[in-house]
Number of protein chains: 2
Amino acid sequence: MSKENVPVAEIKEYLKRSGINPSYHRLRIFEYLLKHRTHPTVEMIYKDISKEIPTLSKTTIYNTLNLFLNKKIVLGLTIEENELRYDSDTRPHAHFKCIACGQVYDVDLKSPLFERQMIEGHEITECHIYFKGICRKCLKKRKLQK
Amino acid sequence: MSKENVPVAEIKEYLKRSGINPSYHRLRIFEYLLKHRTHPTVEMIYKDISKEIPTLSKTTIYNTLNLFLNKKIVLGLTIEENELRYDSDTRPHAHFKCIACGQVYDVDLKSPLFERQMIEGHEITECHIYFKGICRKCLKKRKLQK
DNA sequence: GTATCTGCAAAACATTTGCAATTCT
DNA sequence: AGAATTGCAAATGTTTTGCAGATAC
């Protein structure tokens with residue numbers, strides 16, 4: 001799923017279709033991923049959602065995200081060691097991480113690499129393309145400072 | 001550096017040129033990375049080298065590898081969460097991880113992505129391409145079992 | 001003898017696990 | 001009630017840090 005404003009009923013249906021019982025917490029966490037396209041970490045999700053649901057525990061977020069990963073409705077991004085990030089957009093696309101501000105951007109890249117079935121005799125099931133550098137925003141800031 | 005059998009004197013020179021004082025441990029660790037092109041984790045390096053140097057500590061391996069990363073003579077691969085792997089070949093190339101046996105292979109891929117300077121307004125300094133799937137060896141094994 | 005290098009032990013994190021409490025139907 | 005869900009607290013595993021001792025020049 002990739003759009004930003006999806007009605008709750010539709011999310012519910014989507015979870016059910018994916019074999020996931022749409023409990024309140026699961027719904028809220030998936031909704032959060034749809035709304036916040038910043039590839040959040042567990043920490044970020046916890047910080048934000050627990051403002052509205054103070055009883056929510058990190059364990060539940062871990063449980064839920066692992067469930068989502070198993071059912072393949074989110075992607076796990078390991079663009080940087082020691083922080084797993086999550087993306088509700090499971091279509092092939094690339095990622096860009098800014099080494100200045102840390103933000104991870106989606107990059108809509110059409111590459112034949114995503115279509116490849118084999119490489120050097122290995123059978124490919126997943127392809128991840130990660131870029132690092134300075135993002136648009138940080139570049140602008142630096143220019144202004146000069 | 002990318003070849004497998006490099007004389008120690010040459011490694012020493014390479015470290016010096018990179019601004020690294022070539023202590024015995026550093027030499028041995030870099031030599032290990034050159035010889036073992038399996039993108040080892042700290043654990044693997046420790047296990048193997050400490051057989052010959054029983055006094056070697058993991059802290060030293062972490063210190064040394066972080067030094068190598070800073071001086072950019074090794075690449076850190078975060079193809080899978082919870083395990084940072086190291087590669088002494090800093091030329092642009094892709095990586096393939098077998099989801100059956102866990103081995104990480106180098107893939108000699110010529111892609112224009114490695115040459116890109118900008119994408120969607122972001123300035124690119126690094127490009128990582130990761131594949132996952134079943135490797136050549138594991139595919140063969142599966143065929144034999146049938 | 002002063003810098004650097006090394007390594008222990010503790011700390012800092014992220015993530016997982018066991019199990020008990022809670023909720024849903 | 002019975003099954004699924006949640007959440008605390010403890011365990012696990014990786015990496016970092018503080019600092020003291022060893023080594024090198």
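Computed from heavy atoms alone, side chains included, the values below leave out hydrogens, waters and symmetry copies. Letters A, B, ... are given to chains in the order of the sequence lines, protein chains preceding strands, and every chain is numbered from 1.
The distance from atom CD1 of B:I29 to atom CD1 of B:I11, rounded to the nearest 0.5 Å, is 12.5 Å.
Looking at which nucleotide of DNA chain D each of A:K58 and A:I20 is closest to, the 5′-most match is held by A:I20.
Side-chain atoms of A:L67 and A:R26, non-hydrogen and from C-beta on, do get closer than 4.5 Å to each other. When side chains are defined from C-beta on, B:V42 counts as touching B:Y62, because their heavy atoms get closer than 4.5 Å.
Between B:F68 atom CZ and C:dC5 atom C1' the separation is 13 Å, expressed in whole Å. In this structure, A:I53 atom CD1 and D:dT6 atom P are separated by 10 Å, rounded to whole Å. One can place CD1 of A:I61 at 17 Å from P of D:dT5, the figure rounded to the nearest angstrom. Note: CD1 (B:I29) to P (C:dG7) measures 9 Å, nearest angstrom. Nucleotide C:dC5 holds its P atom 19 Å from the CZ atom of B:R28, rounded to whole Å. As rounded to whole Å, 13 Å separates atom P of D:dT15 from atom CG of B:N63. Between the P atom of C:dA14 and the CZ atom of A:R85 lies a distance of 12 Å, rounded to the nearest Å. Taking atom OH of A:Y46 as the reference point, atom C1' of C:dA14 lies 14 Å away to the nearest angstrom.
If you check every strand for non-hydrogen atoms under 4.0 Å, B:T55 touches sugar and phosphate atoms only. Heavy atoms of A:S23 sit under 4.0 angstrom from primed sugar atoms or phosphate atoms, though from no base atom.
For D:dT23, there is no paired base (Watson-Crick or G-U wobble, both distances below 3.5 Å). The partner of C:dT16, taking Watson-Crick or G-U wobble pairs whose two distances both stay under 3.5 Å, is D:dA10.
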message = Before you tell me yes or no, could you show the steps for B:D48 and B:H36 under side chain to side chain donor-acceptor pair (under 3.5 Å), namely the whole-Å CA-CA distance, both residues' side-chain angles and the distance that decides it to 0.1 Å?
response = CA-CA 10 Å; B:D48 283 0; B:H36 300 81; 4.5 Å; no

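Residue B:H25 has no polar side-chain atom (N or O) positioned under 4.0 Å from OP1 or OP2 of D:dT23. A sub-4.0 Å separation between OP1 or OP2 of D:dT5 and a side-chain N or O of A:N21 is present. Residue A:T60 places at least one side-chain N or O under 4.0 Å from the OP1 or OP2 atom of D:dG7. Close to D:dT16, at under 4.0 Å from its OP1 or OP2, lies a side-chain N or O of B:N66. Considering only side-chain N and O atoms, A:Y62 lies under 4.0 angstrom from the phosphate OP1 or OP2 of C:dT15.
The side chain of B:T59 has C:dG7 as its nearest neighbour among C:dG7, D:dA4, C:dT17. Set against D:dT17, C:dC8, D:dT15, the side chain of B:L84 has D:dT15 as its closest nucleotide.
What you find for B:I49 and B:R28 is that their closest heavy atoms are CD1-O, 4.0 Å.
In this pair, A:H95 and A:H39 present their aromatic rings perpendicular. The plane angle is above 60°, beyond the 30 to 60° band.
In C:dA3 the O4'-C1'-N dihedral to the base is within 90° of 0, which defines a syn nucleotide.
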